[in-house]
Protein chains: 2
Amino acid sequence: MVRKPVAADQALRLDNQICFAVYSTAHAFNRVYKPLLDRLGLTYPQYLVMLTLWERDGVPVKDIGARLFLDSGTLTPLLKRLEAADLIKRTRSSEDERQVLIALTSKGHALHDKARSVPQSILAASDCTVGELLAMKDEIVALRDRLNAVLGE
Amino acid sequence: MVRKPVAADQALRLDNQICFAVYSTAHAFNRVYKPLLDRLGLTYPQYLVMLTLWERDGVPVKDIGARLFLDSGTLTPLLKRLEAADLIKRTRSSEDERQVLIALTSKGHALHDKARSVPQSILAASDCTVGELLAMKDEIVALRDRLNAVLGE
DNA sequence: TTAATATGTATTGCGCACAATCTAATTGCG
DNA sequence: CGCAATTAGATTGTGCGCAATACATATTAA
């Protein structure tokens, strides 16, 4: 009879895997965000892009990608949809014709006001204190950064 | 001059958002998993399905969906690809013709052995102790379950 | 200045994710 | 029993996410 590696099997159990915890929580967040973002006419990844632009716009696509860990294959069509919705404007940089600079339109700026109520709704849904969430966030970000560090090697 | 709600703007900052921490960590995990799962011929969601089947197979699609928080729109094509790869077999239940039961093929069972080394590689990449990861996992799962509870209302 | 290389974005193809809709099978209720 | 309501999967359409590739611009080296 073949001896099975019990420890390895425990590690393969779905409920023991932090990756699945993260994966399924990301989906849960997405589902909670959906009705809130529908009112803004945004998807969740589009919302993330808008968050970066509300902090600073007139930036090249690459900067947004670096901020969100996304590449041009994802961002180019997403940004075109935001442009079609008249939330942003895409213009080639005159300094470096390779770059496309992303600027908010007045409609894009205006959406910032409507978005201010979103975090409060999410906080309520999470049923946590701000302190608890921020502590968890720091732990998760630390994990993410270690994972990304391995990728960079 | 219009007074801006400073607290709300802080809440909208990307780096303060736990949802983005979770979202970006899920992507980081996916990227770390990719080379490992490529060797098994699986994508990450396919790997999750196989994890559930290695625990128990011969189950209807709905059960897998309940386990992974995925619906038939996602699972049906994914399962067809696993079937095309000869890892699973899909058969209509004779008891309830509405159900499609998912069973592992011998090749699907055999893949279990090759998969046993995966968690160790992920653990190494995360650069954490098992204890730290399990503690984080429990916190994240608790958050996920609270988010899902709100959705169920 | 030209040739080689690097960089920024766009495109294509594949595989999720999910809403909405559809079909078929089952259950429940009068 | 008979029909409405429910349930399980499948299908369609939209939008990521990423690998691979293409292409134009920019930089560097010879």
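Computation of the quantities below employed the complete heavy-atom set of this structure, encompassing side-chain atoms and omitting hydrogens, waters and symmetry-equivalent molecules. Within every chain, numbering begins at 1; the chains are lettered A, B, ... in the order of the sequence lines, protein sequences first and strands thereafter.
Remark: C1' of D/dC16 and OH of B/Y44 are 18 Å apart, rounded to the nearest angstrom. Per the geometry, CZ belonging to A/R31 stands 8 Å off P belonging to C/dA19, to the nearest Å. In this entry the distance linking CG of A/L68 with P of D/dC16 reads 12 Å, nearest Å. Between the P atom of D/dC16 and the OH atom of B/Y23 lies a distance of 9 Å, rounded to the nearest Å. One atom, CZ of A/F69, and another, P of D/dC16, lie 19 Å apart when rounded to the nearest Å. In this entry the distance linking NZ of B/K34 with C1' of C/dG15 reads 11 Å, nearest Å. The distance between atom CG of B/L78 and atom C1' of C/dC14, rounded to the nearest whole Å, is 13 Å. Separating the CG atom of B/D71 from the P atom of C/dA19 is a distance of 7 Å, rounded to the nearest angstrom.
Look at A/Q46 and you'll find a side-chain N or O under 4.0 angstrom from OP1 or OP2 of D/dC16.
If you check D/dC16, C/dA17, D/dG17 against the side chain of B/T74, the one that comes closest is C/dA17. Candidate nucleotides C/dA17, D/dC16, C/dG15 were compared by shortest atom distance to the side chain of A/R81, and D/dC16 ranks first.
Note: A/H112 and A/W54 have parallel aromatic rings, judged against thresholds of 30 and 60 degrees for the angle between ring planes.
The pair A/D38-A/K34 meets the salt-bridge criterion, since a charged nitrogen lies less than 4.0 angstrom from a carboxylate oxygen.
Counting non-hydrogen atoms of neighbouring residues, nucleotides and ligands closer than 6.0 angstrom, the CZ atom of B/R56 reaches no more than 12 such neighbours. Atom NZ of B/K89 has 12 or fewer heavy atoms from other residues, nucleotides or ligands within 6.0 Å.
Minimum interatomic distance between A/L36 and A/S121 (heavy atoms only, all atoms of both residues): CD1-CB, 3.6 Å.
Comparing B/L70 and B/S94 against DNA chain C, the residue whose closest nucleotide sits nearer the 5' end is B/L70. Residue B/T43 is the one, among B/E95 and B/T43, whose nearest nucleotide of DNA chain C lies closer to the 5' end (criterion: closest heavy atom).
With hydrogens and angles left out, the side-chain atoms of A/R67 and A/T52 include no donor and acceptor closer than 3.5 Å.
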Q: Sugar-phosphate atoms are those with a prime plus P, OP1 and OP2; base atoms are the rest. Using that split, label each nucleotide of nucleotides 3-10 of chain C B, S or - for protein heavy atoms under 4.0 Å, 5' to 3'.
A: ----BSSB
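For an aromatic pair to be called close, the ring centres must be under 6.0 Å apart, and A/F29 with A/Y44 fails this.
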